[in-house]
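In each ligand, atom 1 is the first atom listed, and ligand 1 is the first ligand listed.
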Amino acid sequence: MESNSPIFIVMLGVPGAGKGTQAQRLEEKLGLKQVSTGDIFRDNLRNQTPLGQLAKSYMDKGELVPDDVTIRMVEERLSRPDCAKGAIMDGFPRTLAQADAFDKMLRGKGQKVALVPLIGVTDDEVMDRLTGRRVCRRCQGVFHLMFNPPPPAGECPQGDKSLCDIYQRDDDKPETVRNRLFVYYKQTAPLIGYYFAHGLLAEINGAQAIDKVTSDLWDVLDKAMA
Ligand code: AMP
């Protein structure tokens, strides 16, 4: 895939569809920066910034952080040199207002969204994936109680033999996951129609092996950029 102008890819799908995992793989393959708004909020939370404190109240409930705050944050993030070639947007936009603002932001620089892969998985699958997910505070490793259990003795794979500090994200608790799904259908699902109407949507079956999802994703990208 060759292009001289910056490339912006928007990953779409329910929370837990695998957007982050696939965005990371695309980042390596395409040399474009993954921009995860959830990660930026979590970083701010860890560093106890005012933005982090504001975001926490929404994140803990599975609600969306207000559009104006989120849009400003993304605009700042995309203005950094590591996004000069474009970005893989993971978790943004999540509302129609954000999608409009993003279009406007890019248009102002003569740029536009190149492709919107929609990673489809069922709600039951998402419940299983997210409520079983466990994260290490030290290495940021992501595990799953069934599919990729955390190290039994707690040894951290990247933590210099120190112990993994495993926890469940507050927003992965079952009642919060249900609310995140509700919020997705109410506020984010309209983006499917929005991007379909712009001729940018590419549906991918997310209920397959991770490598197969990646190769399907690669195929649609190749076609779109040909
Ligand atoms: P994620 O890791 O993408 O599931 O995001 C975790 C949480 O961060 C979400 O449940 C929201 O509270 C917040 N968040 C992430 N991205 C956005 C966004 N684009 N707009 C509003 N809130 C967001």
Q.
For N205, give me all partners under side chain to side chain donor-acceptor pair (under 3.5 Å), at least two apart in sequence or on another chain.
A. none

Q: Using side chain to side chain donor-acceptor pair (under 3.5 Å) as the criterion, list what pairs up with N44, not counting sequence neighbours.
A: T49

Q.
Quick check against the 3.5 Å criterion: does K33 have a side-chain atom that pairs as donor or acceptor with the backbone of G86?
A. no

Q. Which parts of the protein, at residue level, reach under 4.0 Å of ligand 1 through a heavy atom?
A. T37, G38, F41, R42, M59, E63, L64, V65, T70, G91, F92, R94, Q98, R169, D171, R180

Just distance, no hydrogens or angles: give the donor-acceptor pairs under 3.5 Å from side chains in residues 88-105, sequence neighbours left out.
from: D90; atom 1: OD2; to: Q34; atom 2: NE2; distance (Å): 2.9
from: R94; atom 1: NH1; to: G91; atom 2: O; distance (Å): 3.0
from: T95; atom 1: OG1; to: D67; atom 2: OD1; distance (Å): 3.0
from: T95; atom 1: OG1; to: D67; atom 2: OD2; distance (Å): 3.4
from: T95; atom 1: OG1; to: Q98; atom 2: N; distance (Å): 3.0
from: Q98; atom 1: OE1; to: R94; atom 2: N; distance (Å): 2.8
from: Q98; atom 1: NE2; to: D67; atom 2: OD1; distance (Å): 2.9
from: D100; atom 1: OD1; to: Y194; atom 2: OH; distance (Å): 3.1
from: D103; atom 1: OD2; to: Y194; atom 2: OH; distance (Å): 2.5

**Q.** Pair D165 + R134: basic N to acidic O under 4.0 Å
**A.** no

Q) Got a salt bridge between R80 and D82, using NZ or NE/NH1/NH2 to carboxylate O under 4.0 Å? A) no

